[in-house]
Amino acid sequence: MSHFHKFFFTLLILNNYFVLEIYSNNKHEAPIYEINEIILNGNEITKSKVIIRELAFKKNEKIALSEIEEKIDKSKSNLTNLNLFNFIIISHEIVGNKINFTIDLVERWYIWPYPILEISERNFNVWWDDFQSSNYQDFSRFNYGVFLNIENFRGLNELLHVKFRKGFKEHYMLRYEAPYLNKFKSFGLNTHIELFRRKKTYFRTVDNQLQYFENNENTYTSNEFLFEFEIIYNKNLNTKHQLNFDYHNVKIDEEISALNPNYLLSGRAIKSTADFYKISYQFIREKRDNNVYPTKGYYIDFEIGKNIGSLINHFQFNNHFEKHFTLSDNFLIGASLRSRITNAKQQAYFSAQTLGFDDYVRGYEFYVVDGEDFYLSKTALKYAIIKNKKHDLPYLKMKQFKKSHFSLYATLFSDIGYAKNNTDYINNSLANSILWGRGFSIDYVTYYDKLLRIEFSINELGEKGVFLHFSNPFGETNKKWE
């Protein structure tokens, strides 16, 4: 037999071996079951269709035994990110070639009428520093009022929000969110109207600190009116496309325009009012296990928009990426990247909030860094000291509050940020420079999306400090109102 025939004969044997292996494996494939029933327990307010839509399995669908746990985990993550339930348990039972799923839920309390008493500052440490400087006597930077927050309105995961706030920064708002408008639950709508009024207005940044203006008449120095209208297309459980229409009107004391001509980009003219429109498209991909304090999964959010107005006319691109995964049972790692890129050589001061507000480098909480563009990267290595411990609260009869849970994490973090400033960088040393903050934190997470972070950090200026925060360390992922 020639070498060629020996080679061919060997290939033929190997081929037959693999065919037999595949045939053998196919004969032992995991059995397939038909989903016979999905039983919901505990949804006294939430409509069943809202829950069913978030499940990774449907009635009469075929499912393999090997897929069951994966589909349960996915369904639980989707339901968790609705922020409607305190506890979610999904179990299954196999009867013959049928499978039944049971979903036990503990709903949250959805109606929250309560008074407002809050500090009006960029973060707690900035307020506390000013309060100490006044010998603990300046209470002017408090906001007070009342708001009514009806979550899961009509049991359809809609939101109705009414706010009446006085104080340092007055805020009046009416907001309505309807995630599903059509019977296929693919289109939604968000809309809100807001009015802000301030007697003290920050009008300029000097030495990376906000400078405030207050007139002698003790009247309002700035007013802002906002109207927003969003049309949402829910392509699937985790993907959204949004078309946003915004209108923004600003009125200020003329002296602000004289003190800072860049506030409204008025140049030599003294202007007291400006308005602009914004049209934008936003893509959101949500694949995290929890959008308040994620431990695994990823998040993608990018938006491209056009600002149109007499003083503001430019394109803007915003993006936010996150990735979280587990290294072991107790060690986790997360990373995010946020940025804003514009084609504007200069932006009006009032609309160019950059680092130091919602987005900030940890360790630089006391500073504001202005700019047209910015980049912000955050990384955290977490160790779960206590992971989702559940307990009953004594003396509470209402089931929405009786059962609680909490988690405790120790975290090493590192943040890097950069703000590109074409205008006022001479008087602000942190602009156009790399900012690096790193440190250690203890994160406490409990039910009703409550989060407390106690952070010790150090920055590139050599400054050290302990800071308190009450939000996701990777930044908010949805538009918020203040």
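- Within a 6.0 Å radius of NZ in Lys235, no more than 12 heavy atoms belonging to other residues, nucleotides or ligands are found.
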Would Phe187 and His241 count as a ring pair (Phe, Tyr, Trp, His ring centres under 6.0 Å) if you check the C-alpha gap in whole Å, the side-chain angles of each, and the deciding distance to 0.1 Å? CA-CA 10 Å; Phe187 282 96; His241 301 268; over 10 Å; no
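- With respect to the salt-bridge test (charged N to carboxylate O, under 4.0 angstrom), the residues Glu61 and Lys59 do not qualify.
- Residues Asp275 and Tyr247 have side chains that bring a donor and an acceptor to within less than 3.5 angstrom of each other.
- In the model, Lys287 has no side-chain atom that pairs as donor or acceptor with a side-chain atom of Asn78 under 3.5 Å.
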List the steps and the verdict of ring pair (Phe, Tyr, Trp, His ring centres under 6.0 Å) for Phe229 and His192. CA-CA 7 Å; Phe229 184 83; His192 73 266; over 10 Å; no
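- Not one N or O on the side chain of Glu151 forms a donor-acceptor pair closer than 3.5 Å with the backbone of Leu84.
- Aromatic rings of Phe276 and His314 (six-membered ring for Trp) have centroids beyond the 6.0 Å cut-off, not under it.
- Taking the centre and axis of the six-membered ring of Tyr360, the NZ or CZ atom of Lys378 falls inside the cone set by 45° and 6.0 Å.
- The closest donor-acceptor contact from the side chain of Ser257 to the backbone of Lys271 lies under 3.5 Å.
- Side chains of Ser77 and Asp289: no donor on one and acceptor on the other come within 3.5 Å.
- For the pair Ser441 (side chain) and Asp443 (backbone), a donor-acceptor distance under 3.5 Å is absent.
- Within the 3.5 Å criterion, the main-chain N or O of Gly437 finds no donor-acceptor partner in the side chain of Asp415.
- In terms of modelled atom types and a separation under 3.5 Å, the side chain of Arg340 and the main chain of Glu372 share a donor-acceptor contact.
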Under the ring pair (Phe, Tyr, Trp, His ring centres under 6.0 Å) rule, what do Phe374 and Tyr418 come out as? Steps first, then yes or no, please. CA-CA 6 Å; Phe374 80 87; Tyr418 178 86; over 10 Å; no
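- Separating the CG atom in Leu156 from the NZ atom in Lys47 is a distance of 6.5 Å, to the nearest 0.5 Å.
- Distance alone, capped at 3.5 Å, is enough to place a donor-acceptor pair between the Asn236 side chain and the Thr239 backbone.
- Counting heavy atoms from C-beta on, the side chains of Tyr33 and Ile94 come closer than 4.5 Å.
- Remark: the Asp253 side chain and the Ser222 side chain contain no N/O donor-acceptor pair separated by less than 3.5 Å.
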Side chain to side chain contact (heavy atoms under 4.5 Å, CB included) between Ile63 and Ile32, worked out: CA-CA 6 Å; Ile63 183 172; Ile32 303 296; over 6 Å; no
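- Side chain of Asn149 to backbone of Trp112: no donor-acceptor contact under 3.5 angstrom is found.
- Within the model, atoms CD of Glu365 and CZ of Phe467 stand 4.5 Å from one another, a figure rounded to the nearest 0.5 Å.
- Side chain of Glu228 to main chain of Glu230: no donor-acceptor pair is present (N/O by atom type, distance under 3.5 Å, no hydrogens or angles).
- Salt bridge present: Glu158 and Arg154 bring a charged side-chain N and a carboxylate O closer than 4.0 Å.
- With sequence neighbours excluded, no residue satisfies salt bridge (Lys or Arg N to Asp or Glu O under 4.0 Å) with Glu54.
- Without hydrogens or angle criteria, Thr102 side chain to Ile39 main chain gives no donor-acceptor distance under 3.5 Å.
- Each of Lys323, His324, Glu322 was checked for a side-chain contact (heavy atoms from CB on, under 4.5 Å) with Ser336, and the lone residue meeting it is Glu322.
- Annotation: ring-ring contact (aromatic ring centres under 6.0 Å, His included) contacts of Tyr409 (sequence neighbours excluded): Tyr293.
- Side-chain contact check for Tyr349 and Thr205: at least one donor-acceptor pair (N or O, by modelled atom type) lies under 3.5 Å.
- A salt bridge links Arg288 with Glu286: at least one charged nitrogen is closer than 4.0 Å to a carboxylate oxygen.
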Applying ring pair (Phe, Tyr, Trp, His ring centres under 6.0 Å) to Tyr299 and His320, what does each step give before you reach the verdict? CA-CA 8 Å; Tyr299 177 83; His320 178 186; 5.3 Å; yes
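- A donor-acceptor pair under 3.5 Å links the side-chain atoms of Asn330 to the main chain of Ala384, judged by distance alone.
- Ion pairing between a basic and an acidic side chain is recognised when a charged N comes within 4.0 Å of a carboxylate O; Arg175 and Glu194 show no such pairing.
- The distance from atom CD of Gln242 to atom CG of Leu189, rounded to the nearest 0.5 Å, is 10.5 Å.
- Here ring pair (Phe, Tyr, Trp, His ring centres under 6.0 Å) pairs that include residues 62-84, with residues two or more places apart or in two chains, number zero.
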